[in-house]
Every structure is written in C-alpha cells, then in structure tokens.
S.K.: 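One structure coming up, written as structure tokens, with questions to follow.
All values below come from the heavy atoms of this structure, side chains included, with hydrogens, waters and symmetry mates left out.
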Amino acid sequence: MAKTDDLQAWRSFIVFARSGTLTAAAKALETEPSSISRAISGLERTLGVELIRHGVRPLVLTDAGRMAHKRMETILRAHDSLMDALKDDNRTLEGKIRLSSAPGFAARHLTTLLQRFQIEHPGITVEILAGLKEADVQKGLCEVATLTGIPTLPNLVYMSRGRNVYVAAASPDYIARCGMPVRPADLRRHSGYVYCGPVRPETKVLQRGSETEAVQYASAVRSTDILAIRAAVLKGMGCAADLPLVQIADDLKAGRLVPILPGWSHPPVECFIVTSRSAWHTKRVRIFLEWYARAMQALFAGFEREASPYVGLPADMPAVDRSQIFMT
C-alpha cells in the first residue's frame, strides 16, 4: 500500500497539525514521537513535497501541509463515521475514553459515579485525567472533558453538566476566634485561602444583587489544590470566599462549616461536558457523553438540595437548555 493511502499515517499528521508538537501528538495517539515523525516523513517522501517546515522551531505546516490538514481531516472524520456506522449497534461497546475532570472532584466523587457507568458498559474503560482545557480537547488529548463556561473554540460538541455554586464559608471554631465577616470588606481583618488553579479564574470580587465588592484578606494562602483549601478551612486556619458547593455540602450539613458573608457570593457558573467533533463520531464517546452529562446534572442538583437548608442558594437560571447537545 502506498504511504499516501495509509490512513494511520495521515492520522498522525492530522493530530500533529492540531496539537502543534510531535510530543503532544504522540501522547494523544499513545505512541512515541519518533513514530509520528516517521509517519509524516513517509508521507512527504511519497508525495515529493514537504508538509512541515523542518528547519524551524517550533515546527509549522507548509502551505501544502495546511491544505492537506484541512482536506484530510474531513476525509478522516468521514472514514471514522462510516466505520462506526458499519459496526453492529447491538454488539458490546469496547474501548477507552480519556476523561478530564477537575482534580478535586475526581478525588472525592468521580470514581463512584463512573462505577455506575461501567456496570452498564463493562467493555468501556475510562482513564481519568486532570485539568485539561478546551484547546486540549480540540487537539485530541482527551475524548471528554468537564469545562467551566460555554465552549467557544470551533469543532466542539457539548452538553450542560449543570451549574457550579460557590459558597463563602469558615469553621465554627474560626468564627468563634476571629468573628463573623458580614461583607467582603470585613475580609481585610481575616486570614483567607484562595483558589488559583487551572479550573477557573481566581475570585477577585463577590456580588450581592447589583452590588460588587473586592475580595482582599489581611493575609492569604493561595493554592491550586481545592482539597487542600477545604482541609485548611475545616481546621479553622482561615476562611474561603468561594468553596465549590460540591466539595462542602456534607460539611455544611454536618455543621463542620458554616456560611459567612450572608447574601454575598461568587456567581454560579454553568459547566459543560465537551468532546471534539471527530471524537463525537465514535459511538462509545456519544453514549458516554450523554450519560455522563445527565448523571452529573442529577448529582450536582442533589448537592444543592442537600445544602439548601443550611445556606441560601442563588436562583437557578440556566444559561442553556440542559437537555440539548450543542456544537461550535
């Protein structure tokens, strides 16, 4: 078979073109960078034209490479769709799905949820990754990811996961020692813990109706680990203005944490379960994405019901129809 007819070689080229580096392409295809390089070199030898400018760093596509990327991506997507359509819908679904999740949620809640899916689909293996972004989904570094905010990059498929609610909270011991902050300006007399990780931007202001106030502590510890922040607040080492409700609903119910700053909050943010259009053509990805989105909607709604007797929650005004699948 001529190298130009080798779909796997073209797949290597397309994934490289999306990701921008041989290393990222190799990671996405679970192979070595040298294998990606050999596949692309074979195409170039057979075609008699360079697809990549090899004399520059970082590597970039030539004009021929950009044309090949645009047209072959469509051909490969059609090929994958055809292969999936030809498979028997009644056969056992098999294969792997790489799922990116916020690390804190993955550590405390995700495995229990995925166990339910694997009972229904034992042939599908889910590999948990942490903290990938919209561009990583687009590049094929994972099949499915949970993202904060509506996706904006092209060629993505997404469904609402429901909203993230954030609660300002402290331990009863901390409040007994340091007092209850009533409005954000009071935080200037308190020790605070600030999330600054990859999942969402750092909280700079809080809102109450049309009012906004800056968040500024007397002293603060910043961390990319939401579970470390939760642990510190539980120990009475400080307060936090924006703990995710999913992480502290049980603490509020048990009285280990109490709400502070009544009426003030980080506004809720709609989150989404996202895949690429190319991955969407794979049946197991379609089945998993819809199952996972609906399961997550139910889970997060349950956390809100559990916590509502103990903390005032903002009215739920969905940014999108949570029953629908959208494409960029």
S.K.: Count the heavy atoms belonging to other residues, nucleotides or ligands that lie under 6.0 Å from CZ of Arg177, then report whether that count exceeds 12.
M.R.: yes
S.K.: May I ask you to list the residues sharing a hydrophobic cluster with Ile229, side-chain cutoff 4.5 Å, ordered by chain and number?
M.R.: Val165, Val167, Tyr193, Tyr195, Val199, Val221, Ile226, Leu227, Val233, Leu234, Met237, Leu243, Leu245, Ile248, Leu252, Leu257, Tyr310, Val311, Leu313
S.K.: With distance as the sole criterion, is a donor-acceptor pair present between the side chains of Ser35 and Arg38 under 3.5 Å?
M.R.: yes
S.K.: Counting only heavy atoms from other residues, nucleotides and ligands, does the tally under 6.0 Å from CD of Glu120 exceed 12?
M.R.: yes
S.K.: Considering only heavy atoms from C-beta outward, does the side chain of Ile124 approach that of Ile287 to under 4.5 Å?
M.R.: no
S.K.: Which residues, ordered by chain and number, are linked to Leu129 in its hydrophobic cluster, where ILVMFWY side chains connect at heavy-atom gaps below 4.5 Å, directly or through other members?
M.R.: Leu132, Leu141
S.K.: Is the shortest distance from a Lys or Arg side-chain nitrogen in Glu213 or Arg208 to a carboxylate oxygen in the other one below 4.0 Å?
M.R.: no
S.K.: Determine whether a donor-acceptor pair (N or O, by modelled atom type, separation under 3.5 Å) exists between the side chain of Gln216 and the backbone of Ala185.
M.R.: no
S.K.: Test His190 against Tyr174 for ring-ring contact (aromatic ring centres under 6.0 Å, His included), laying out the working first.
M.R.: CA-CA 10 Å; His190 289 267; Tyr174 177 84; 5.7 Å; yes
S.K.: Please give the remaining members of the hydrophobic cluster of Leu147, linking ILVMFWY side chains under 4.5 Å, ordered by chain and number.
M.R.: Val137, Ile150, Leu153, Leu156, Tyr158, Phe272, Val274, Val320, Phe326
S.K.: Taking the basic N atoms (NZ, or NE/NH1/NH2) and the acidic carboxylate oxygens, is any pair closer than 4.0 Å for Arg294 and Glu290?
M.R.: yes
S.K.: Answer yes or no on whether Arg163 is positioned over the face of Phe300, meaning its NZ or CZ is under 6.0 Å from the six-membered ring centre and within 45° of the axis.
M.R.: no
S.K.: With a 4.0 Å cut-off, would you call Asp242 and Arg200 a salt bridge?
M.R.: yes
S.K.: Less than 3.5 Å apart, any donor N or O on the side chain of Ser276 or Ser278 sitting next to an acceptor on the other?
M.R.: yes
S.K.: Is it true that the side chains of Gln138 and Arg18 contain a donor and an acceptor less than 3.5 Å apart?
M.R.: no
S.K.: I'd like to know if the side chain of Arg66 and the backbone of Leu61 have a donor-acceptor N/O pair within less than 3.5 Å.
M.R.: yes
S.K.: Any luck finding a side-chain donor-acceptor pair between Glu44 and His54 under 3.5 Å?
M.R.: yes
S.K.: Looking only at side chains, do Ser171 and Asp173 share a donor and an acceptor under 3.5 Å apart?
M.R.: no
S.K.: Assess whether a salt bridge exists between Arg98 and Asp136, defined as any Lys/Arg side-chain N lying under 4.0 Å from an Asp/Glu carboxylate O.
M.R.: no
S.K.: For a quick check under 3.5 Å, do Ser265 and Gln207 share a side-chain donor-acceptor pair by atom type?
M.R.: no
S.K.: Decide yes or no on ring-ring contact (aromatic ring centres under 6.0 Å, His included) for Phe117 and Tyr292, but give the supporting numbers first.
M.R.: CA-CA 8 Å; Phe117 179 78; Tyr292 187 53; 8.7 Å; no
S.K.: Side chains of Tyr166 and Asn164: does their closest heavy-atom pair fall under 4.5 Å?
M.R.: yes
S.K.: So, Arg222 and Glu202, do they make that salt bridge, N to O below 4.0 Å?
M.R.: yes
S.K.: Verify, without hydrogens or angle tests, whether Thr62 (side chain) and Glu50 (backbone) share a donor-acceptor contact under 3.5 angstrom.
M.R.: yes
S.K.: Check whether Ser37 reaches the backbone of Pro33 with its side chain - one donor and one acceptor, N or O, closer than 3.5 Å.
M.R.: no
S.K.: Between Lys133 and Pro198 (side chain of the first, backbone of the second, donor and acceptor by atom type, cut-off under 3.5 Å), is there such a pair?
M.R.: yes
S.K.: Within a strict 4.5 Å, meaning less than it, do heavy atoms of the Arg116 and Trp291 side chains meet?
M.R.: yes
